[in-house]
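Beneath this line is the structure, given in structure tokens, with notes to follow.
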Amino acid sequence: MTVHIGAEIGDIAQTVLMPGDPYRAKWAAETFLEDAKLVNEVRGMLGYTGTWKGNRVTIQGSGMGMPSLSIYANELISTYDAQTLIRIGSCGGMQPHVKIRDVIIAMTASTITSPSSGIFREVNYAPCADWGLLENAVTAARAMGAAPHVGGIYSSDVFYAERPDLDEQMVRHGILGVEMEAAELYTLAARHGRRALAVLTVSDHLQTGEALPSEDRERSFGDMVQIALDAAFA
Ligand code: HPA
């Protein structure tokens, strides 16, 4: 057990999928895993462990934002020895060619601050995905008929941004989408020698103001879970 995860050591698999929303963890575990068992409910941040094609997998909610994700990822890595951590979540589209429902596979995650920014001080560290996982995810997405966007994303600290100029700079520099967790996940994985990736669905668009209707969210979320599982065990 850790401060925030009630599971016994051994109840958490070495491969962990991390949606922000704990109810998405429940839905994904019930939909994709066999013998899914609830292993964490501390603070309602649900986590389940089961098997997928014979492979043990945990699906653990991360909460929203880098400080929350950082707590769960640190404890999963340090206490439970998680080796592969894949964020599955939504993001806001930032480029005109990135459309609602598209899948983004994040090669890098830029940020202005994260729980790790105090370590780097004057260095603009570049958090990046594990190459093998990224390659597997692109292959899996294409095999499903998706045309994933692969490139940089922006991990913001705020959903309700008061600095439109920052978003403008991100757009100017080719950033595909904005979310709030991946940069810290990539940084922690690098620090501890683990594999990390973020597979995202575009749920809203900063330039057009469009948003994915709620009935479509589940299906799009399912594609991401499938891509993440395929990538983890390819
Ligand atoms: N901003 C930040 N995080 C997000 C967004 C957004 O527009 N959409 C989904 N996650």
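Each ligand, and each atom within it, is numbered from 1 in the order the structure gives.
Counting protein heavy atoms only, atom 8 (N) of ligand 1 is closest to Asp204 OD1, 2.8 Å.
Considering backbone and side-chain atoms alike, Gly92 places an N or O below 3.5 Å from some N or O of ligand 1.
Using cut-offs of 30° and 60° on the angle between ring planes, the pair Tyr125 and Phe120 is parallel.
Near Ser90, meaning under 4.0 Å from any of its heavy atoms, are these atoms of ligand 1: 9 (C), 10 (N). Each of the atoms 7 (O) of ligand 1 lies under 4.0 Å from some heavy atom of Leu206.
Remark: Arg191 CZ is packed, more than 12 non-hydrogen atoms of other residues, nucleotides or ligands lying under 6.0 Å away.
Comparing Ile153, Val158, Val178 against atom 4 (C) of ligand 1, the shortest heavy-atom distance belongs to Val178. With distances taken over non-hydrogen atoms, the option nearest atom 9 (C) of ligand 1 out of Gly65, Ala211, Cys91 is Cys91.
A side-chain contact (heavy atoms from CB on, under 4.5 Å) with Ile227 is found for one member of Val199, Asn136, Leu197 and no other, namely Val199. Checked options Val57, Thr2, Val39; the residue passing with Ile12 is Val39 (criterion: side-chain contact (heavy atoms from CB on, under 4.5 Å)).
Of the possible donor and acceptor atoms, none in the side chain of Glu34 sits under 3.5 Å from a partner among the backbone N and O of Thr51.
At a 4.0 Å cut-off, not a single heavy atom of Ser156 sits close enough to ligand 1 to count as contact.
Met170 and Val202 are members of different hydrophobic clusters when ILVMFWY side chains are connected at heavy-atom separations under 4.5 Å.
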